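The next block holds one structure in the form of structure tokens; read it before the comments.
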Amino acid sequence: KANVFLWAGLDSVEAELEVVKLQIAELLEKQASLTSKRKQLLRRLEEPCDSTQPSGSGPAMTKQELLRYENDDFSWSTELGQNLKDVFQLSKFRPLQLKAINLSMSGKDLFLVMPTGRGKSLCYQLPAVCSEGFTLVVTPLVSLMEDQLMYLKSIDVEAVSLNASSSKEHAKTVLAEMTDSKAPFKLLYVTPEKIAKSKLLMSRLEKAYNAGRLSRIAVDEVHCCSQWGHDFRPGERPYNCTPTTLPLPPDYKLLGILKRQFPKVPLLGLTATATGSVLKDCQKILCVPEPITLTASFNRTNLYYEVRLKDSNSDDSVSDISALIKERYKDQSGIVYVFSQKDAETVSADLQKKGINASPYHANMNPEDKSQVHRKWATNKIQVVVATVAFGMGIDKADVRFVIHHTISKSIENYYQESGRAGRDDKPADCIVYFGFNDIFRISTMVVMENVGQQKLLNMVDYCQNVDRCRRSVIAVHFDEVWDDEGCNEMCDVCRHGNDYITVDITQHAKDVVQIVELAGSLEEKLTPLKVTEAWMGKGPAKRRKMIQTTTLSRLEVEAIITSLLLQGYLSEDFSFTPYTTYFYLKLGGKAPLLKNQSHSITMKMRRTGLDANTVSTTQQTVQESFRPADEGSRFFFSILID
Ligand SMILES: Nc1ncnc2c1ncn2[C@H]1C[C@H](O)[C@@H](COP(=O)(O)OP(=O)(O)OP(=O)(O)O)O1
Ligand SMILES: [Mg+2]
Ligand SMILES: [Zn+2]
């Protein structure tokens, strides 16, 4: 008998130990996240120049000294401005372009890190046009080279290339012209192999250098120099297409010869993906003694980020979208991203019915129709494209004023890229995403096979659900950046409506939900998120209703709490495969046992106006209901912790 007693005691101690272990894990996780935050902030404080990222090393040029390079009182400034307008037909510089160009024109070696499509090429093309002699451009891909040559030809800038497919005659002419002071070309594009393998090219470069005709060296996609440049975790950056999909161009690591042979020629390394340690590596490989690193932030300050909630009971997001397009975006160009080809057809038809000039776009359309839609939209004959993510490549329309996501993206990186098609002209534009509970599981079953698919999706869900922090700062984490709330300028709904949020204690709710899932488990029953929602709202079989604690919270509130529990790890996903489809069930998460601990509490921040910001007046009531003190011993009391 005494033994039984001891066994029971042991069980209970073991259970408690399990809980303590979880608590320790939780605290360690928190410690890690805080430590990393502290590190990032300290790093920013110590930064000598104004990059927002860990720079490679560089001469300690102070912020003050660097500021000088934003001026336009250099001897070349007038010519720069003139050529920017006349040759490149651009009205003004983008952030960092002028500074980079002035530094390079001053003869400084420079690494320029800038997101894709922000205009790195101009930083060597324009100096090339304004300098004597020619600029040597090293590019990893012949196709990139050809694109640039075509573009330069269209604006009448002379440029030539040398690569494996160049004809003998062409190569001969180019090589001869390199030392000819009357040679017309301003840019010479080569692949790294040419530098590494062609002694003839090196000897001509040497001659050109001695004649003072080699004015600048640009190494595009400079991260290719470092093997670490290829070791990004998949998807760490949205535009790491080069590192993950291409083999390492091996000859990049031999490019150090350039700076060794031509030390007086300023070198400009360009990339969209490199971190501090990669740049340090590149610096060593390229033999650049003290480069200055300029890093443009991924922060798109002209974009307004907003999340709207889809009500599962009565999803009228399409009406909402059509109202936005007809009022706020009247006569303005935009994209509505949807989940599936079917959605593209139906949402587009719905918008057309409301008198909006919309067209669908998806992978299953024939190529002519696709390019016709693209063309008509690009020339403003169609106002809105209702598209799947197939609508992406080659979209470079400057005046997109809104990108609306009818369904959440599968990751923050995808969202950043898709929504980033708005406001390329640097004028204000809106990025709105409609966040629906059921969409989480639609996408989840789709990405279930991808390696870190679930985690990435949950990050996206967190972006939508979390009203604790500025939306930008949530995005920033994914680019290893820190964008503080001040940098937002109220250009996100959280910052703009900061006072409309309250933190509520959801511990008891969590216990109720966990009990429902636990009970199902003990009955060997699996519950989909919808079933859990219904059970908690008292819609299940009467027998079960008696065994659980149901709630009077609104549907949106119930969904928000379940989502939050999933994000925080009190619930987790449980997939089941049939030959035809994948099912998403909820099971207990790793943190569920913590709820057995009396002192454990969970909080969640939510909109004061209920969860539906779109209909303030009606939800005001809901909130009063749900936050009403528990007068008749109700267990559904949200205690307000912070006002
Ligand atoms: N100052 C500017 N004003 C307006 N448009 C500009 C400006 N500078 C560049 N652009 C345009 C030209 C191109 O259409 C577009 C992309 O430029 P580009 O130099 O090809 O990007 P990038 O080299 O930074 O991107 P990637 O990383 O993809 O190579 O930006
Ligand atoms: Mg480029
Ligand atoms: Zn913000």
Side-chain angles (χ1 to χ4, degrees), residues 80-81 83-85 87-101 112-126 128 137-141 143-152 154-155 157 187 189 218-224 229 237-243 246 268-274 294-296 298-307 378 392-399 417 420-421 423-427 431 463 466-476 482-498 501:
L80 270 189
N83 283 325
L84 179 73
K85 289 194 179 65
V87 178
F88 291 88
Q89 282 147 41
L90 298 171
S91 55
K92 60 177 189 341
F93 287 109
R94 286 210 175 127
L96 283 197
Q97 282 181 330
L98 180 60
K99 196 189 265 183
I101 291 172
L112 181 59
V113 187
M114 226 187 227
T116 278
R118 292 269 81 199
K120 288 184 285 295
S121 326
L122 187 77
C123 300
Y124 57 84
Q125 290 167 345
L126 182 52
V137 185
V138 184
T139 308
L141 283 179
S143 65
L144 287 177
M145 202 178 275
E146 281 166 354
D147 283 351
Q148 295 233 350
L149 288 177
M150 220 158 64
Y151 164 68
L152 291 169
S154 77
I155 58 167
V157 172
L187 296 116
Y189 285 81
V219 181
D220 209 357
E221 314 292 342
V222 72
H223 58 272
C224 293
R237 297 234 157 193
Y239 299 119
N240 63 347
C241 44
T242 321
L246 293 174
L268 176 59
L270 309 108
T271 175
T273 67
L294 291 185
T295 307
F298 276 72
N299 193 357
R300 301 276 311 273
T301 48
N302 60 320
L303 300 186
Y304 176 74
Y305 292 100
E306 179 179 343
V307 177
M393 287 292 273
I395 296 176
D396 196 18
K397 191 177 199 297
D399 62 348
Q417 191 170 14
R421 303 202 165 106
R424 292 250 164 120
D425 55 6
D426 300 327
K427 295 188 186 129
C431 307
Y463 166 86
N466 201 336
V467 287
D468 230 355
R469 294 164 60 198
C470 167
R471 306 265 185 221
R472 303 193 118 67
S473 68
V474 177
I475 298 177
V482 184
W483 306 337
D484 43 28
D485 297 14
E486 285 155 47
C488 181
N489 252 327
E490 299 207 345
M491 283 292 277
C492 86
D493 54 347
V494 174
C495 291
R496 197 170 286 184
H497 307 292
Y501 302 109

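All ligand and atom numbering here is 1-based and tracks the order in the structure. In what follows, residues are counted from 1 in the order of the sequence shown. Given the structure is predicted, the values throughout are model-derived calculations rather than measurements.
At the top of the distance list for atom 25 (O) of ligand 1, counting protein heavy atoms only, stands Gly117 N, 2.8 Å. For atom 1 (N) of ligand 1, the nearest protein heavy atom (residue, atom name, distance) is Lys92 O, 2.8 Å. Of the protein's heavy atoms, Glu221 OE2, 4.0 Å lies nearest to atom 29 (O) of ligand 1. With hydrogens left out, the protein atom closest to atom 7 (C) of ligand 1 is Leu90 CD1, 3.6 Å, a heavy atom. Closest to atom 14 (O) of ligand 1 among all protein heavy atoms lies Asp396 OD2, 3.2 Å. Given atom 28 (O) of ligand 1, the protein heavy atom at minimum distance is Thr116 CG2, 3.2 Å. Scanning all protein heavy atoms for the shortest distance to atom 8 (N) of ligand 1 gives Gln97 NE2, 2.9 Å. Atom 23 (O) of ligand 1 has Ser121 OG, 3.4 Å as its closest protein atom, hydrogens excluded (heavy atom only).
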Practice prompt. Might you work through the side chain to side chain contact (heavy atoms under 4.5 Å, CB included) test for Gln97 and Met114, ending with a clear yes or no?
Written response: CA-CA 10 Å; Gln97 282 181 330; Met114 226 187 227; 4.2 Å; yes
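Shortest non-hydrogen contact noted between Leu112 and Lys120 is O-CD, 4.2 Å.
No part of Arg424 comes within 4.0 Å of ligand 1, judged by heavy-atom distances. Heavy atoms of Arg94 found under 4.0 angstrom from ligand 1 belong to the backbone as well as the side chain.
For the pair SG of Cys492 and SG of Cys470, the angle whose vertex sits at the Zn ion (ligand 3) is 110° to 10 degrees.
Protein heavy atoms all stay at least 4.0 Å away from atom 12 (C) of ligand 1.
Classified by interplanar angle (parallel below 30°, tilted 30° to 60°, perpendicular above 60°), the ring pair Tyr305/Tyr463 is perpendicular.
Separation of atoms CZ (Arg424) and CG (Asp399) is listed at 12.0 Å; rounding is to 0.5 Å. With rounding to the nearest 0.5 Å, the separation of SG in Cys431 from OH in Tyr304 is 11.0 Å. With values rounded to the nearest 0.5 angstrom, Gln125 atom CD is found 6.5 Å from Leu187 atom CG. With rounding to the nearest 0.5 angstrom, the CD atom of Gln148 is 10.5 Å from the OG atom of Ser143. Rounded to the nearest 0.5 angstrom, Leu96 CG and Thr295 OG1 are separated by 8.0 Å. Taking SG of Cys488 as the start and CG of Asn299 as the end, the distance is 8.0 Å to the nearest 0.5 Å.
Between atom 26 (P) of ligand 1 and the options Met114, Lys120, Arg118, the minimum heavy-atom separation is to Lys120.
Listed by atom number, the atoms of ligand 1 under 4.0 Å from Phe93 heavy atoms are 1 (N).
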